[in-house]
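All figures in this text were calculated on a predicted structure; none of them were measured in a lab. These numbers come from the heavy atoms of this one structure, side chains and all, not from hydrogens, waters or symmetry mates. The sequence lines fix the lettering, A, B, ..., with proteins before strands; numbering per chain opens at 1.
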2 protein chains.
Amino acid sequence: MKDLLAVLKIAVPDKIFIKDPETSDLGKRIIENSIILINEIGFEGFTFKKLGKKIGSNESSIYRYFESKHKLLQYLSSWYWAWLEYQLVIETFSISNSQEKLEKAITVVTRIVKEDSNYSHINETILYKIIVNESSKSFLTKEVDLENKEGYFEVYKRLITRVSEMIEAVNNNYPFPLSLASTILEGGLHQHYLKDHFPSITNCKSEKTPTEFFIQLTNNSLK
Amino acid sequence: MKDLLAVLKIAVPDKIFIKDPETSDLGKRIIENSIILINEIGFEGFTFKKLGKKIGSNESSIYRYFESKHKLLQYLSSWYWAWLEYQLVIETFSISNSQEKLEKAITVVTRIVKEDSNYSHINETILYKIIVNESSKSFLTKEVDLENKEGYFEVYKRLITRVSEMIEAVNNNYPFPLSLASTILEGGLHQHYLKDHFPSITNCKSEKTPTEFFIQLTNNSLK
DNA sequence: ATTTAACGATAGTATTACTATTATATTTGT
DNA sequence: ACAAATATAATAGTAATACTATCGTTAAAT
């Protein structure tokens, strides 16, 4: 089932980039290595100049693909959410029991990504770390509303809508399916962040996962 | 009861600043106007040069108070959390019923700040907006662990611990009091952000508040 | 009256976040 | 096979950012 990705392409809204990085070797190297570099030095420290040096290419060449490093982060985020949506769909597809289906969905969106699927130049395990640490910055800007209108966040919104629909399938009288879905998604990332950096304000650790926490929270709210 | 703040001072960890802005007129103008300016142009667009111009002072003078704009944001965040902790304490102090107390606590930490208490140069209503839009950036950096060791986030952690204790008072068998408390706090901010910028992925609007959502979520989880 | 602290003004630096131009290499269409 | 189009590299340049350092003036404290 996973091999579907050999035939499908993760679709990122095309207004995010100037030139589709999937269409050239340089483009792929930009994506592959930006993930590695952002993870190493953080988004604030990351520059196109440093990336150029890392991939033995020129700063100006990277600008042909992305207008700014902010757009590149949005590309990476969208790519990740699309990839996660794909995981969500294939892993829940065959489950007919709606309760079970929802639990699987929560598992998929709140778990750690620890294995790289190896189907492309993108290392999902490292990308996942970037999502935990940096993805909020892709929408917490003065340009959100404009960028939202341009469709930059479509993938993210569709993913949340999907989870929300699974919540409704379990209990269609529940008044906050969208809020619960968005809380599970962002909250999942946040709990993982706390586990790594602020262990004194979370109960999550390696054995007691955010997944457990959010499944319990959801089940109690829907019954 | 609110007048306590005339006598008490909001305490921000002193490693965050070089010189305490509360100790001078210039310092107070820095704080007062940085809040206004960050709200206007966003944290990314904000610079000490622009702030200097706004307050009719010199860039280099601002550097005598804060090492960087990042530290200034951490100061504002800590100040806000301390102020919120104060609100939390006074508004829940006299409630003896633990269930009722917790609901009040959730109300305090997830509601909009729409009135400025006017006791100081700090406009809490505008500061609250900055917290919604920018506060995540104060800890989502490569320096978190170092800064955490230095005590920069003590106020934030104490606030969450307090809410967590109120959760435990209602049900001390609940396995995730800290995670629930941190989810309520960050989730509250996030739902307000969604309401303003991504209404299609939240059920919250002006009449149907994040407070309602989180109270329901909590009650269902603890019973 | 003198030391000390605070502030403003000016200057300077390395880096960032780009844009523009040109030359060269590679791919593609005919 | 050749011309045309496209992609990339190299270089240069710019305005702004994020600071640091120095110095003179003013105001406050001893």
Using a heavy-atom cut-off of 4.0 Å across all strands, would you classify B/K19 as base, sugar-phosphate, or nothing? sugar-phosphate

Pick the closest DNA chain C nucleotide for B/E59 and for B/D25 by heavy atoms, then say which residue is nearer the 5' end. B/D25

Round to the nearest Å and state the distance from A/K71 atom NZ to C/dC18 atom P. 10 Å

Identify whether any heavy atom of A/Y65 sits under 4.0 Å from a base atom; if not, whether one sits that close to sugar-phosphate; answer base, sugar-phosphate or nothing. sugar-phosphate

note: A/E44, atom CD; C/dT16, atom P; distance rounded to Å ~ 13 Å

Please work out if A/T47 contacts a base, only the sugar-phosphate, or nothing of the nucleic acid, heavy-atom cut-off 4.0 Å. sugar-phosphate

Round to the nearest Å and state the distance from A/E67 atom CD to C/dT19 atom P. 7 Å

Within the 4.0 Å heavy-atom criterion, would you say A/K69 contacts the bases, only the backbone, or no part of the nucleic acid? sugar-phosphate

Ring centre gap for A/F198 and B/Y156 strictly below 6.0 Å: no

How long is the line joining NE2 of A/H70 and C1' of C/dC18, in whole Å? 16 Å

Whole angstroms only, please: what is the CZ-C1' distance between A/F66 and D/dT8? 16 Å

Can you check the A/L26 CG to C/dT26 P distance for me, whole Å? 14 Å

With a 4.0 Å cutoff (strictly under), does any side-chain N or O of B/S68 reach OP1 or OP2 of D/dA18? no

What I want to check is whether the side chains of B/K142 and A/N133 have a donor and an acceptor closer together than 3.5 Å. no

Got a sec, which pairs hit side-chain hydrogen bond (donor to acceptor under 3.5 Å, both in side chains) with one end in residues 36-51 of chain B, sequence neighbours left out? B/E44-B/K137

Here the distance between atom P of C/dA5 and atom CD1 of B/I18, to the nearest Å, is 16 Å

Closest to the B/S61 side chain: D/dT8, C/dC18, C/dG8? C/dG8

Options C/dA9, C/dA17, C/dT22, nucleotide nearest the side-chain atoms of A/Y63: C/dA17

Validation row: A/I36, A/K54 side chains within 4.5 angstrom (heavy atoms): yes

Grab the CG-P distance between A/N58 and C/dA17 for me, whole Å please. 16 Å

A/F48 or B/S24, whichever maps to the more 5' nucleotide of DNA chain C: B/S24

Select base, sugar-phosphate, or nothing to describe what B/S57 touches, counting heavy atoms under 4.0 Å on all strands. sugar-phosphate

A/Q74 and A/S138 side chains, donor-acceptor separation under 3.5 Å: no

A/K50 vs C/dT16: side-chain N/O to OP1/OP2 distance below 4.0 Å: yes

